[in-house]
Every structure is written in C-alpha cells, then in structure tokens.
2 protein chains.
Amino acid sequence: MVDRRRSRGDERRAEILDAALETFAEKGFRGASLAAIAERVGLTQQGLLHYFPSKEELLVEVLKLRDERDTDALGDNADGSTMSLNALSTLVEVNAGRRGIVQSFTVLSADSVTDDHPARDYFVDRYRRVRRKFAAVVAAECGDQLPSGMDPEQAATLIIAVMDGLQLQWLLSDGEVDMPALFRHFVALLRD
Amino acid sequence: MVDRRRSRGDERRAEILDAALETFAEKGFRGASLAAIAERVGLTQQGLLHYFPSKEELLVEVLKLRDERDTDALGDNADGSTMSLNALSTLVEVNAGRRGIVQSFTVLSADSVTDDHPARDYFVDRYRRVRRKFAAVVAAECGDQLPSGMDPEQAATLIIAVMDGLQLQWLLSDGEVDMPALFRHFVALLRD
DNA sequence: GTCTATAAAAAGATAGAC
DNA sequence: GTCTATCTTTTTATAGAC
C-alpha cells in the first residue's frame, strides 16, 4: 500500500478540482473562467495557476479524479465481478440525485467532440473501456440469450446510449422525465 | 400560398446560417467566433452583424431553420400520419451520413443545459414536442401492446434517448459504433 | 503559497465612411 | 451592403514581490 497521507497542498488541489468540475458543469469548459473557479475556493486566478499549469491541464486532472471516484463508488473490481444490471439501475437512481455530476459529464462529453478538444482522447478511451466492462456484465448475466440476436457488446453500447440520452432529456425536462423508471423499463426489454 | 421569392439579402442570410451551424458544430457555441463564421461566407465580422444583431440571435435563427428543414425532410405532416418506426430507422441511417449535422445538435443540445444558455428554451420545447410526436407514432403502430408495461410516451422518451446517446458514442468511436444497426436492434426490442 | 501588476490576445459590439 | 476604425470587456498566462 502506498502512502495515502495528504499534504496541505494536496488538499488544496482537491478543493480546486471540485470547484472546477462544478464550474464546468454550470458554464461549460470554454465558458468557465479560471477566475470563477478560483473564487469558489477563495483564491485569485493566479493563485490557482500555482497548482495547475494551464486550464487544459486542470480539465484533464478533473476527469482523472472523476474516474477514480466513480470506480470507487461503483464497487467494481478489476475483474468486474461485483457488477450487475441491477447495479446499473442503482447507479441511475444515484445519478438522479446528483444533478451537478450528471450535468458536468453531459456538457463535457458533448463538448469533447469539437475540434482539438483537450478531453477528446479521454472520452474516446472512456467509452471504449465502459463498453468492454458493460459487455462483460451482460455476458455474465444473460449469456448469449439476448433478444433480437444482439451480442453483449451491442447491448452494452445500447445501455450506455440509454443512460446518456436519458440524462440529457432529464436535464432539459423540468421533472417530466423519470430517468430511473425509464432505465428499468429498458433493462426489462433486454432481459426479454 | 405565400410569396416564396428570395431577395439577395435572404440568400445571404441563408448562407450565413449554414456557415454558423457548421462552425458551431466544430467549435461549440462559445468557441465559434463571429469572425470565423463571417470568413466562411467571405464577410468580415461587422458585415455579418449587418444581418443579425447579435451572436445569440444568430444561434436562435440557426435552430429555427434546422427545425424547418428537419420537418421537411421527415415528411411528417401536422398530424404525424406519415411517420412510422421504420421512418425513424431511416432517419438514423440518413444521420449516419451527415456527421456535421449530428455533431451540431449533439454539441448545442448539451451546451444548452448550462446557465442562462440562449438555446435552452428551444431545446426544452423541442424535446417535449418530439416526445409527443414519437408517442403518437408508437401508439399508432403498437397500440398499448408495449413490453414491460410501458406507455407510448415512455417508449418515445427511450427512443429519443437511444438516438441521442448513440450519436454521442458514434462521434467518439472512430467507426466502432454502428449507429443504424444498433437502433434497429432497439426497435426490435420495442416491437417484442 | 498567494498576491499585485501586467502583458498579450481575442471577442462582441458600435459608429461612421463609402 | 460592406468595410475600416475603434471601444470595451474578458480571458489566459507570465513576472516578480512578500
């Protein structure tokens, strides 16, 4: 086990990363100024730049941190053994209670498809990884008994699509879209 | 029938709207400068502002135009009578051949969830309208015989979610995601 | 570590010439 | 209708004091 003690500087960095994620969610990457992020933690823009060399580097580190936390929260081991379709439904329920996180990923992932975006490689890689992981979950739970002759990787791609698409509509619907209920319906379709 | 003749000025406006949509797709709304849009049609930034009073107004008009063209392209009448689930599969196929359009809507719709975004009202209203329309299509084609006890509006919400979610993964996958095939699989699930 | 000062660039918008 | 000139604001980033 490595040393997990945190210096004061590490704590400050963590604060900044949280503030950055919130601000990116509210304003988008380009719309979020370093000054606005710095203000949230009681720093000036230049004070913030003492911890991160540039805005792009800050974004990359924000996304790295998010991944680590999500991995912890999902309780999915390296081999993915603890995950299940039910766990995914639970994840959707959890997400329905944290609009900020959902909004940040919706905004940043879509923004990343634009030209030379600093987060593009991250999201390309992330979707590939998540597809593989979800495909393993589907294969373990349904075997090859998927409706309509789908294979597990195709089912995984659809599962992710439903999650992302529901999040966008949910963010734009003022309570008209019941994300967890709809996701459960979709899982029911998959189970046949 | 109203007079459909176009003045030179109208043509210029149409050119600018096309250029704006392309630039928004490539750079996002905040990342697209008026100067970059103007350059595409051989104008200066100030020349462009002769046709549209502000960048926000330009965005609103771009989205209006898009809606009109989509309505034409889908051939959906006011009562929705000519639409079907098969027509939606065809739409997904068409979209797989026009990355720019898909990218523009992915980028702009997600951006619209940020604070005080000028396109937010447009997308909130659009999703509501499309849910109603798709629900009518589902009801006409499947009646109330939907799997898992879903109602037509819930099915419509899922259909839209799958479309949007697949588009995002498709844009970020370098050919690894077959959008039309996956959508057809999903429709097959709905049909039971 | 955090600040002040400041540079340097870019953007949206307005005024007015032609 | 389109341009040049210009204003004003905002933003990222650097240099250096404390």
Side-chain angles (χ1 to χ4, degrees), chain A residues 5-63 107-108 111-112 114-120, chain B residues 5-63 107-108 111-112 114-120:
Chain A
R5 277 177 311 178
R6 278 192 166 180
S7 70
R8 303 272 177 286
D10 283 348
E11 285 169 22
R12 209 72 165 116
R13 278 176 61 95
E15 278 183 70
I16 294 170
L17 289 169
D18 283 341
L21 187 68
E22 286 169 29
T23 313
F24 290 151
E26 290 168 10
K27 311 274 187 180
F29 175 62
R30 287 185 173 90
S33 74
L34 291 177
I37 298 167
E39 194 183 15
R40 267 184 141 104
V41 295
L43 275 179
T44 60
Q45 181 231 167
Q46 295 86 343
L48 185 155
L49 282 175
H50 173 72
Y51 295 91
F52 301 91
S54 73
K55 193 183 181 184
E56 294 204 356
E57 189 59 34
L58 174 60
L59 173 61
V60 170
E61 302 250 17
V62 162
L63 292 170
V107 169
L108 292 174
D111 203 42
S112 81
T114 57
D115 290 355
D116 302 319
H117 194 282
R120 174 151 193 147
Chain B
R5 277 177 311 179
R6 279 194 167 178
S7 70
R8 302 273 178 285
D10 283 349
E11 284 170 22
R12 209 71 164 116
R13 278 176 61 93
E15 277 182 70
I16 294 170
L17 289 169
D18 283 341
L21 187 68
E22 286 171 29
T23 314
F24 290 151
E26 290 168 9
K27 311 274 188 181
F29 175 62
R30 287 185 174 88
S33 73
L34 292 176
I37 298 167
E39 193 184 14
R40 266 183 140 106
V41 295
L43 277 178
T44 60
Q45 182 231 169
Q46 295 85 344
L48 186 156
L49 282 175
H50 173 72
Y51 295 91
F52 300 91
S54 72
K55 193 184 181 184
E56 295 205 356
E57 190 59 34
L58 175 59
L59 174 60
V60 170
E61 302 250 17
V62 161
L63 292 171
V107 169
L108 292 175
D111 203 40
S112 81
T114 57
D115 290 356
D116 302 320
H117 195 282
R120 176 155 190 141

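These numbers were taken from a predicted model, which means no experiment stands behind them. In what follows, every chain begins at residue 1, and chains take the letters A, B, ... in the order their sequences are listed.
- Exactly one of B:L43, B:L21, B:L34 qualifies for a side-chain contact (heavy atoms from CB on, under 4.5 Å) with B:I16. That residue is B:L43.
- The environment of B:D115 atom CG is dense: over 12 non-hydrogen atoms of other residues, nucleotides or ligands sit within 6.0 angstrom.
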Pick out the pairs of N or O atoms, protein on one side and nucleotides 5-8 of chain C on the other, that lie under 3.5 Å.
from	atom 1	to	atom 2	distance (Å)
C:dA5	N6	A:Q46	NE2	2.6

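- Applying the salt bridge (charged side-chain N to carboxylate O under 4.0 Å, His left out) test to residues at least two apart or on different chains, the pairs with a partner in residues 34-49 of chain B are B:E22-B:R40, B:E26-B:R40.
- A 4.0 Å heavy-atom criterion places the boundary nucleotides of DNA chain D facing chain A at D:dT11 to D:dT14, written 5' to 3'.
- Applying the side chain to side chain donor-acceptor pair (under 3.5 Å) rule to pairs touching residues 44-59 of chain A yields nothing, sequence neighbours excluded.
- Taking every heavy atom of both residues into account, B:V41 and B:A19 meet most closely at CG1-CB, 3.8 Å.
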For side-chain contact (heavy atoms from CB on, under 4.5 Å), just list the numbers for B:L59 and B:L108, CA-CA rounded to whole Å, side-chain angles, deciding distance to a tenth of an Å, and then say yes or no.
CA-CA 10 Å; B:L59 174 60; B:L108 292 175; 4.1 Å; yes
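- One N or O on the side chain of A:R30 and one on the backbone of B:K27 form a donor-acceptor pair closer than 3.5 Å.
- Using a distance-only test at 3.5 Å, with no hydrogens or angles considered, no donor-acceptor pair links the side chain of B:T114 to the main chain of B:H117.
- When each of B:L49, B:I37, B:L63 is paired with B:L58, the side-chain contact (heavy atoms from CB on, under 4.5 Å) condition holds for B:I37 and for no other.
- In this structure A:F24 satisfies the ring-ring contact (aromatic ring centres under 6.0 Å, His included) test together with A:F29, sequence neighbours excluded.
- With sequence neighbours left out, the side-chain contact (heavy atoms from CB on, under 4.5 Å) criterion links A:A14 to A:R6.
- For the contact set between residues 48-59 of chain A and DNA chain C, defined by any heavy atom under 4.0 Å, the members are A:H50, A:Y51.
- B:A25 is linked by a side-chain contact (heavy atoms from CB on, under 4.5 Å) to B:Q103, B:S104, counting only residues two or more places apart in sequence or in another chain.
- Using a 4.0 Å cutoff on non-hydrogen atoms, no part of residues 14-25 of chain B comes near DNA chain C.
- Remark: B:R120 pairs with no residue by the side-chain hydrogen bond (donor to acceptor under 3.5 Å, both in side chains) rule, at least two apart or across chains.
- Here CZ of A:R13 is found 10.5 Å from CG of A:L48. Values are rounded to the nearest 0.5 Å.
- Using a 4.0 Å cut-off on heavy atoms, the residues of residues 26-35 of chain B that approach DNA chain C are B:A32, B:S33, B:L34, listed by number.
- A pairwise comparison of heavy atoms in B:V107 and B:G28 identifies CG1-CA, 3.6 Å as the closest pair.
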